[in-house]
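One structure is given below, encoded as structure tokens.
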Protein chains: 2
Amino acid sequence: MATRATVGLRLKDHDHHHCISDAIARAEMLCQRNGARLTENRRRVLELVWQSHAPVGAYEVLEMLRKDGIRAAPPTVYRALEFLLEHGLVHRIETRNAFVGCPQPGQAHAAQYLLCDGCGDAVEIEIGGLARRIETRAAELGFAVATQTIEARGLCSRCQQSAPAGA
Amino acid sequence: MATRATVGLRLKDHDHHHCISDAIARAEMLCQRNGARLTENRRRVLELVWQSHAPVGAYEVLEMLRKDGIRAAPPTVYRALEFLLEHGLVHRIETRNAFVGCPQPGQAHAAQYLLCDGCGDAVEIEIGGLARRIETRAAELGFAVATQTIEARGLCSRCQQSAPAGA
DNA sequence: CGCCATGTGATATAAGATAACACTATGGCT
DNA sequence: AGCCATAGTGTTATCTTATATCACATGGCG
Ligand SMILES: [Zn+2]
Ligand SMILES: [Zn+2]
Ligand SMILES: [Zn+2]
Ligand SMILES: [Zn+2]
């Protein structure tokens, strides 16, 4: 499959409950396959991260947990996020100090993101050969790449229309 | 000139004072040309950021300022950094919440970095066509890119040798 | 049963960044 | 010179993000 992402994923535009339940289903399969334990806490945090397609901060997750009546402290959330990161179930968006669900966990991939400064949505893309290109150039300089962070900020098509000129 | 960066820039390996004085000289020229004021504070912070080729945190700069006998508070540093960022004199390394001097200020460029997890050095590179490639792919999805963040973490050649296996 | 590994709860604190307000320096103008 | 507007600084307090630490629980296993 090529990049299956669409841009400007407003929650109203699609059955987002599917996004969430699919994500949980994928996570359960993947954890079972890898012998990892998707505990209650971890599952809940993953669900909360998937509440939207915009990256969500750790403390926002914490707020949501508390609103659900769960007594939680920062480490609760960070530990769950750490687990989810390790298993590729979420990615960290460095330019926002926030986290977003990965739509294709399990397949190794360098996460590449388009981040809309208007609506906040993050769209994970994969530009063919891009990661390879960086590794190759780094190797020429004797540098061994372990992880890549590629984030492009700007405006999605919808947000370009809403805020066209120097409004 | 192609990428003139070398990797693994230990301070002992080269006359780093040149790196610093060159950076200041470039900054002064550039500010004069742009009608921007490189005040004492800003110049000092730029110098401190250039103390090494490893990105330096805002609070490290603050520490250094204080050791130089200058009374400063966080906003002092952040304001200076903001100015330097605006004028392209430093770049922010998102994966480290830190700042590093730009070796080619004045020329618009999407900063791309190799970040060594061993020695901490940051090497700015420019992979031909990479930025364009991302913009093009984004445009196909209707997304207008404003800024890009490209950071590759790993080990420079020297640090690969020092820490070869699972040491 | 005792032991170890993994996960959790709770408190405190570190690290990074900004808000707000008062004051000063600078340069253009009359 | 005196005045003004703008840009820059000092200071304090606060906010946001992330970890360290220690105590407790749970479950597998010799
Ligand atoms: Zn959705
Ligand atoms: Zn948008
Ligand atoms: Zn140098
Ligand atoms: Zn190194």
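Proteins come first, then strands; the chains are lettered A, B, ... in the order of their sequence lines, and each starts at number 1.
The salt bridge (charged side-chain N to carboxylate O under 4.0 Å, His left out) contacts involving residues 78-99 of chain B comprise B:Arg92-B:Glu94, where partners must be two or more places apart or lie in separate chains. Sorted by first and then second residue, the salt bridge (charged side-chain N to carboxylate O under 4.0 Å, His left out) pairs involving residues 51-62 of chain B (not counting sequence neighbours) form an empty list.
For B:Ala58, the side chain to side chain contact (heavy atoms under 4.5 Å, CB included) criterion is met by B:Val77, B:Tyr78, B:Leu81, B:Phe99, not counting sequence neighbours. Partners of A:Thr95 according to the side chain to side chain donor-acceptor pair (under 3.5 Å) rule, which considers only residues two or more places apart in sequence or in another chain, are A:Glu151. Partners of B:Gln32 by side chain to side chain contact (heavy atoms under 4.5 Å, CB included), not counting sequence neighbours: none found. Residues that satisfy the side chain to side chain donor-acceptor pair (under 3.5 Å) test with B:His17, not counting sequence neighbours, are absent from this structure. A search for side chain to side chain contact (heavy atoms under 4.5 Å, CB included) contacts involving B:Ala73 returns B:Pro75, B:Thr76, not counting sequence neighbours. Every residue two or more places apart in sequence or in another chain that forms a side chain to side chain contact (heavy atoms under 4.5 Å, CB included) with A:Thr147 is listed here: B:Arg153. Under the side chain to side chain donor-acceptor pair (under 3.5 Å) criterion, B:Arg43 pairs with B:Glu40, B:Glu47, sequence neighbours left out.
Residue order along DNA chain D, read from the 5' end via each residue's closest nucleotide, puts B:Ala36 first among B:Ala36 and B:Arg71.
Near DNA chain C, meaning a heavy atom under 4.0 Å away, the residues from residues 39-51 of chain A are A:Thr39, A:Asn41, A:Arg42.
When DNA chain C is scanned 5' to 3' for any atom under 4.0 Å from a heavy atom of chain B, the first and last hits are C:dG16 to C:dT26.
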Any chance you could list the contact pattern along nucleotides 17-30 of chain D? Use B for base contacts, S for sugar-phosphate-only contacts and - for none, protein heavy atoms under 4.0 Å, 5' to 3'. BBBB----------

One pair to check against salt bridge (Lys or Arg N to Asp or Glu O under 4.0 Å): A:Glu140 and A:Arg137. What are the steps and the verdict? CA-CA 5 Å; A:Glu140 286 168 17; A:Arg137 180 74 186 107; 2.7 Å; yes

